[in-house]
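The block underneath contains the structure these notes are about, expressed in C-alpha coordinates.
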Amino acid sequence: MTDTIDYGKMMHNAMRGIMADLLRKIAKDGLPGEHHFFICFDTNHPGVDIADWLKERYEDEMTIVIQHWFDNLTVLEDRFSITLNFNNAPEPLVIPYDAIKTFVDPSVEFGLRFEEDDETYLEEVPESPMITIEDDEELEDEPKKEAEVVSLDSFRKQ
(Lines give C-alpha, C1' and ligand atoms only; values in the text may rest on other atoms or scores of the structure.)
Protein backbone atom coordinates (compact mmCIF):
# COMPACT_ATOMS: atom_id res chain seq x y z
CA MET A 1 0.00 0.00 0.00
CA THR A 2 1.25 3.49 -0.83
CA ASP A 3 1.24 6.56 1.40
CA THR A 4 -0.67 8.71 -1.09
CA ILE A 5 -3.89 8.55 -3.03
CA ASP A 6 -3.29 8.57 -6.78
CA TYR A 7 -6.07 10.96 -7.80
CA GLY A 8 -4.64 11.25 -11.31
CA LYS A 9 -5.02 7.52 -11.91
CA MET A 10 -8.48 7.55 -10.37
CA MET A 11 -9.51 10.39 -12.67
CA HIS A 12 -7.96 8.56 -15.63
CA ASN A 13 -10.02 5.44 -14.86
CA ALA A 14 -13.20 7.46 -14.33
CA MET A 15 -12.87 9.21 -17.69
CA ARG A 16 -12.29 5.93 -19.48
CA GLY A 17 -15.36 4.59 -17.66
CA ILE A 18 -17.40 7.49 -19.05
CA MET A 19 -16.32 6.49 -22.56
CA ALA A 20 -17.22 2.84 -21.96
CA ASP A 21 -20.64 3.74 -20.54
CA LEU A 22 -21.32 6.05 -23.46
CA LEU A 23 -20.27 3.44 -26.03
CA ARG A 24 -22.51 0.84 -24.33
CA LYS A 25 -25.45 3.23 -24.67
CA ILE A 26 -24.62 3.90 -28.33
CA ALA A 27 -24.32 0.15 -29.03
CA LYS A 28 -27.80 -0.35 -27.57
CA ASP A 29 -29.66 2.77 -28.78
CA GLY A 30 -27.59 4.31 -31.59
CA LEU A 31 -26.31 7.88 -31.79
CA PRO A 32 -28.85 10.51 -30.77
CA GLY A 33 -29.31 13.77 -32.69
CA GLU A 34 -26.15 15.31 -34.11
CA HIS A 35 -23.76 13.51 -31.75
CA HIS A 36 -20.69 11.91 -33.30
CA PHE A 37 -17.24 11.01 -32.01
CA PHE A 38 -13.64 11.46 -33.06
CA ILE A 39 -11.45 8.92 -31.29
CA CYS A 40 -7.68 9.13 -31.69
CA PHE A 41 -5.69 6.13 -30.52
CA ASP A 42 -2.14 4.76 -30.45
CA THR A 43 -1.89 2.10 -33.17
CA ASN A 44 1.15 0.57 -31.43
CA HIS A 45 -0.55 0.01 -28.09
CA PRO A 46 -0.80 -3.65 -26.98
CA GLY A 47 -4.22 -5.05 -27.80
CA VAL A 48 -4.96 -2.73 -30.73
CA ASP A 49 -6.13 -4.92 -33.61
CA ILE A 50 -6.49 -3.24 -37.00
CA ALA A 51 -5.92 -4.40 -40.58
CA ASP A 52 -2.30 -4.48 -41.73
CA TRP A 53 -2.94 -1.88 -44.43
CA LEU A 54 -4.35 0.52 -41.81
CA LYS A 55 -1.36 -0.11 -39.53
CA GLU A 56 1.01 0.66 -42.43
CA ARG A 57 -0.84 3.87 -43.24
CA TYR A 58 -1.21 4.98 -39.60
CA GLU A 59 2.07 3.88 -38.04
CA ASP A 60 1.73 5.75 -34.73
CA GLU A 61 -1.81 6.98 -34.28
CA MET A 62 -5.15 6.96 -36.03
CA THR A 63 -8.37 8.92 -35.63
CA ILE A 64 -11.67 7.22 -36.33
CA VAL A 65 -15.08 8.85 -36.68
CA ILE A 66 -18.19 7.20 -35.31
CA GLN A 67 -21.06 8.95 -37.03
CA HIS A 68 -23.17 7.83 -39.98
CA TRP A 69 -22.21 4.21 -40.51
CA PHE A 70 -20.77 1.77 -38.02
CA ASP A 71 -21.57 -1.82 -37.20
CA ASN A 72 -20.83 -4.52 -34.61
CA LEU A 73 -20.07 -2.09 -31.78
CA THR A 74 -19.16 -4.34 -28.87
CA VAL A 75 -18.12 -2.80 -25.58
CA LEU A 76 -16.05 -4.80 -23.11
CA GLU A 77 -14.50 -3.89 -19.78
CA ASP A 78 -11.07 -2.94 -21.17
CA ARG A 79 -11.71 -2.34 -24.89
CA PHE A 80 -14.29 -1.95 -27.61
CA SER A 81 -14.57 -3.35 -31.10
CA ILE A 82 -16.33 -1.76 -34.04
CA THR A 83 -16.60 -2.20 -37.80
CA LEU A 84 -16.12 0.99 -39.82
CA ASN A 85 -16.21 1.72 -43.53
CA PHE A 86 -12.91 2.58 -45.24
CA ASN A 87 -13.32 3.29 -48.97
CA ASN A 88 -16.45 1.12 -49.14
CA ALA A 89 -14.68 -1.75 -47.37
CA PRO A 90 -15.87 -2.68 -43.86
CA GLU A 91 -12.94 -3.16 -41.47
CA PRO A 92 -13.16 -4.44 -37.90
CA LEU A 93 -11.09 -2.64 -35.26
CA VAL A 94 -10.35 -3.51 -31.65
CA ILE A 95 -9.29 -0.58 -29.47
CA PRO A 96 -8.33 -0.87 -25.78
CA TYR A 97 -9.40 2.14 -23.74
CA ASP A 98 -5.79 2.60 -22.61
CA ALA A 99 -4.78 3.17 -26.26
CA ILE A 100 -7.09 6.16 -26.62
CA LYS A 101 -5.40 9.56 -26.73
CA THR A 102 -8.45 11.76 -27.35
CA PHE A 103 -12.21 11.37 -27.36
CA VAL A 104 -14.21 14.28 -28.80
CA ASP A 105 -17.89 14.89 -29.46
CA PRO A 106 -17.76 18.11 -31.53
CA SER A 107 -21.55 18.41 -31.63
CA VAL A 108 -21.50 19.57 -28.00
CA GLU A 109 -17.84 20.69 -27.86
CA PHE A 110 -16.89 18.02 -25.32
CA GLY A 111 -13.49 16.38 -25.26
CA LEU A 112 -11.25 14.17 -23.19
CA ARG A 113 -7.50 14.05 -23.70
CA PHE A 114 -5.31 11.39 -22.15
CA GLU A 115 -1.69 12.45 -21.88
CA GLU A 116 1.14 9.98 -22.27
CA ASP A 117 2.26 10.52 -18.70
CA ASP A 118 -1.10 9.00 -17.69
CA GLU A 119 -2.70 12.33 -16.82
CA THR A 120 -6.29 13.02 -17.79
CA TYR A 121 -7.62 16.38 -18.84
CA LEU A 122 -11.17 17.51 -19.32
CA GLU A 123 -11.83 20.39 -21.66
CA GLU A 124 -14.88 22.50 -20.87
CA VAL A 125 -16.51 25.01 -23.17
CA PRO A 126 -17.14 28.41 -21.52
CA GLU A 127 -20.66 28.66 -22.98
CA SER A 128 -21.69 25.36 -21.36
CA PRO A 129 -25.03 25.28 -19.53
CA MET A 130 -23.14 24.77 -16.26
CA ILE A 131 -22.01 28.41 -16.26
CA THR A 132 -24.53 30.90 -14.93
CA ILE A 133 -24.29 34.65 -15.26
CA GLU A 134 -25.89 36.81 -12.58
CA ASP A 135 -25.73 40.15 -14.38
CA ASP A 136 -25.51 40.19 -18.19
CA GLU A 137 -24.74 43.92 -18.29
CA GLU A 138 -21.43 43.45 -16.46
CA LEU A 139 -20.09 40.99 -19.03
CA GLU A 140 -21.20 42.64 -22.28
CA ASP A 141 -17.83 44.28 -22.93
CA GLU A 142 -15.71 41.27 -21.95
CA PRO A 143 -14.25 39.24 -24.83
CA LYS A 144 -15.26 35.60 -25.09
CA LYS A 145 -12.67 33.24 -23.65
CA GLU A 146 -11.23 30.20 -25.37
CA ALA A 147 -11.77 26.77 -23.81
CA GLU A 148 -9.16 26.01 -21.19
CA VAL A 149 -7.34 22.76 -20.46
CA VAL A 150 -6.89 22.23 -16.75
CA SER A 151 -3.98 20.07 -15.64
CA LEU A 152 -4.47 17.78 -12.67
CA ASP A 153 -0.89 18.61 -11.65
CA SER A 154 -2.03 22.02 -10.42
CA PHE A 155 -4.14 20.30 -7.74
CA ARG A 156 -1.50 17.83 -6.57
CA LYS A 157 0.29 18.31 -3.28
CA GLN A 158 4.00 18.77 -3.86
If the threshold is 4.0 Å, N to carboxylate O, is there a salt bridge linking K101 and D42?
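Looking at D42 together with K101, the answer is no, because their closest N to O distance does not fall below 4.0 Å.
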Between D21 and R24, does at least one N-O distance fall below 4.0 Å, as a salt bridge requires?
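A salt bridge links D21 with R24.
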Which atom pairs, one a donor and one an acceptor, fall under 3.5 Å between side chains of residues 62-84 and the rest of the protein, sequence neighbours left out?
unit_1, atom_1, unit_2, atom_2, d
N72, ND2, T83, OG1, 3.3
T74, OG1, N72, O, 3.4

Next on the checklist: Going by side chain to side chain donor-acceptor pair (under 3.5 Å), name the residues that satisfy it together with R57, two or more places apart in sequence or in a different chain.
Outcome noted: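 With neighbours one apart ignored, the set is empty.
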Problem set entry | Pairing residues for D49 by the side chain to side chain donor-acceptor pair (under 3.5 Å) criterion, not counting sequence neighbours |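 Side chain to side chain donor-acceptor pair (under 3.5 Å) list for D49, sorted by chain: empty.
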Report yes or no: does [X] contribute a side-chain atom to a donor-acceptor pair with the main-chain N or O of [Y] at less than 3.5 Å?
{"X": "K9", "Y": "N13", "value": "no"}
{"X": "R113", "Y": "T102", "value": "no"}
{"X": "N87", "Y": "A89", "value": "no"}

Q) Under a 4.5 Å cut-off applied to non-hydrogen side-chain atoms, are K55 and N44 in contact? A)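 Yes - at least one pair of side-chain heavy atoms lies under 4.5 Å apart.
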Side-chain contact test, heavy atoms from C-beta onward, threshold under 4.5 Å: evaluate it for I50 versus T43 and give yes or no.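 They are in contact (side-chain heavy atoms under 4.5 Å apart), so the answer is yes.
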Checklist entry - Looking at CG of L112 and NE2 of H12, how far apart are the two atoms once the value is rounded to the nearest 0.5 Å? => result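 L112 atom CG to H12 atom NE2 measures 11.0 Å (nearest 0.5 Å).
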Q.
To the nearest 0.5 Å, what is the distance between CZ on F110 and CD1 on I18?
A.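 Reported to 0.5 Å precision, the distance equals 6.0 Å.
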**Prompt:** Please, which pairs that meet ring pair (Phe, Tyr, Trp, His ring centres under 6.0 Å) have at least one residue in residues 22-41, sequence neighbours excluded?
**Reply:**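 Qualifying pairs: H36-F38, F37-F103.
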Report task. Using the salt bridge (Lys or Arg N to Asp or Glu O under 4.0 Å) rule, collect all pairs that involve residues 27-37, keeping only residues at least two apart or in two chains. Result ->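 Found K25-D29.
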Please list all pairs meeting salt bridge (Lys or Arg N to Asp or Glu O under 4.0 Å) that have one or both residues in residues 83-92, counting only residues at least two apart or in different chains.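 Sorted result for residues 83-92: empty, none.
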According to a hydrophobic-cluster definition based on side-chain heavy atoms being under 4.5 Å apart (Ile, Leu, Val, Met, Phe, Trp, Tyr only), do [X] and [Y] belong together?
{"X": "M15", "Y": "M19", "value": "yes"}
{"X": "V104", "Y": "Y58", "value": "no"}
{"X": "L31", "Y": "I39", "value": "yes"}

Worksheet item: Which atom names give the shortest non-hydrogen contact between P96 and G47, and what distance separates them?
Response: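 The answer is CG-C, 3.6 Å.
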